[in-house]
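In what follows, chains are A, B, ... by sequence order, proteins preceding strands, each numbered from 1.
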Protein chains: 2
Amino acid sequence: MSARADTSAPARPDRRAARRQQSKDEIVAAAWDLVREHGLAGLAMRDLGDRVGMRAQSIYSYFASKHEIYDAMFHQGYLAFAAAIAEVKSADTDRAGSVDQSADALHLMAHRFFEFCISDPVRYQLLFQRTIPEFVPSDASYAVAVEAYHEMNDGLAAIGITDPQAVDLWTALLTGLSDQQISNDPGGDRWERLIDRAVAMFLHDNNINSSAPTQKGNR
Amino acid sequence: MSARADTSAPARPDRRAARRQQSKDEIVAAAWDLVREHGLAGLAMRDLGDRVGMRAQSIYSYFASKHEIYDAMFHQGYLAFAAAIAEVKSADTDRAGSVDQSADALHLMAHRFFEFCISDPVRYQLLFQRTIPEFVPSDASYAVAVEAYHEMNDGLAAIGITDPQAVDLWTALLTGLSDQQISNDPGGDRWERLIDRAVAMFLHDNNINSSAPTQKGNR
DNA sequence: GTCTATAATCTGATAGAC
DNA sequence: GTCTATCAGATTATAGAC
């Protein structure tokens, strides 16, 4: 008499939703794999279907379009970015800030940012460059991106850097180093080893003196 | 008796070659137009044929593949880059180098580099990022790129900066500013106005003291 | 050197059966 | 939710007529 005995009825709606979400996650994970193999623009629905054990057309019951998949990846990517930044914040900036601690925190932050970028060049391309012709992140995904930048601003503010121009210079410095490393010395460390020098230069520009990076064993 | 009267024979081989080169140049110019309209990856042979008054297939008698067209664009782009750098060099570094002159030259170079990047974002993408999936510049085109960087190194050396790491930091700084400007504030000046500050920071890092950028009316 | 014709393949996406 | 079948079109590239 109830849904229990009816084979076509769902067991419980939230279990169904969970299964559906699991499938979506699986598709997005496969998309990341493919994109790392064939480039960001090289993602093909057919390949994606093959990878996930489905016909390409069936993916459309999970995502309305290819762009919606890119959007899910964008969302995931910025969640990961925010997490990476937050980790540094909680690890290093909560205690009272001596000059050396501030400097250390900034060096750590720079290394983490750089590591995040070069560890996944395709993700870097999706998050930080505008390379997919007509892709525009959804409002929801964009909000996550904005929140991630707030996270970073908070981290800088905790160190005493609140000047918006200094923040912009900071992002330019870090993306510049990351970009050069990815583009011109993939797998090497030609720009990675300049991070501490760059951070010291930036610290001085912001009137925060530090003798030398105190942190060790960070890379 | 001679080729003069023979309609099927070429007038003069070099004239024929010139015409051919002219057609190639025309195709590449049209490719630049299209690429600025539809994005770097959005270049389609049909559009290109339409634009140049030719069937798409006929283009293959000038270029063996689409990649060969990208390669010609890459070549042109780095020629332009080298020219832009060389212009700064000849304008500002030949005279004996006082500290202020060195600083001025560096500020000028930074502004020119930045201007070159943001004035044509698609060109920037082709020259400085790896965004076309399987495109690798030919040896000839790559040689032009290398020469362009030599040009820049010479400019820096004339100012007294010969440390390879300083040169790498310099490129990271400039591409970082350019990249942020293109990606996050297209058409604006949010990062452009940080150039002088960044250069001053860099100068200090290299123990070249300058009170302030002397050059005016540069942007 | 440019054309027509066409190959052979891939693209994202939809309709409708089950 | 997954399938088959298929659309409508773009892709690079080649063959052969003129």
Within the pair B:Ser58 and C:dG1, is there a side-chain N or O less than 4.0 Å away from OP1 or OP2? no
Could you tell me how far apart [X] ([atom1]) and [N] ([atom2]) are, to the nearest whole angstrom?
X: A:Asp50; N: C:dC10; atom1: CG; atom2: P; result: 11 Å
X: B:Met54; N: C:dT4; atom1: CE; atom2: P; result: 12 Å
X: B:Glu68; N: D:dT12; atom1: CD; atom2: P; result: 14 Å
X: B:Arg55; N: D:dA10; atom1: CZ; atom2: P; result: 13 Å
X: B:Glu26; N: C:dG1; atom1: CD; atom2: C1'; result: 14 Å
X: A:Gln22; N: D:dG1; atom1: CD; atom2: C1'; result: 15 Å
X: A:Leu48; N: C:dC10; atom1: CG; atom2: C1'; result: 16 Å
X: A:Ile59; N: D:dT4; atom1: CD1; atom2: C1'; result: 16 Å

Donor + acceptor pair across side chains of A:Gln125, A:Thr131 (<3.5 Å): yes
Heavy-atom nearest nucleotide on DNA chain C taken for A:Asp47 and for B:Ser23; more 5' hit belongs to B:Ser23
For the pair A:Asp163 and B:Arg197, evaluate salt bridge (charged side-chain N to carboxylate O under 4.0 Å, His left out) and give the outcome as yes or no after the intermediate values. CA-CA 13 Å; A:Asp163 172 19; B:Arg197 176 174 177 173; 3.1 Å; yes
Would you say the side-chain atoms of A:Lys24 pair up with the backbone N or O of A:Arg19, donor to acceptor, closer than 3.5 Å? no
List the protein contact pattern of nucleotides 12-18 of chain C with one symbol per nucleotide (5' to 3'): B for base contact, S for sugar-phosphate-only contact, - for none; contact means a heavy-atom distance under 4.0 Å. BBB----
Results of ring-ring contact (aromatic ring centres under 6.0 Å, His included) for A:Tyr70 - residues two or more places apart only: none
Tell me, please, whether B:Phe128 has B:Arg123 positioned over its six-membered ring: NZ or CZ under 6.0 Å from the ring centre and within 45 degrees of its axis? no
A:Asp71: which residues meet the salt bridge (charged side-chain N to carboxylate O under 4.0 Å, His left out) condition with it, sequence neighbours left out? none
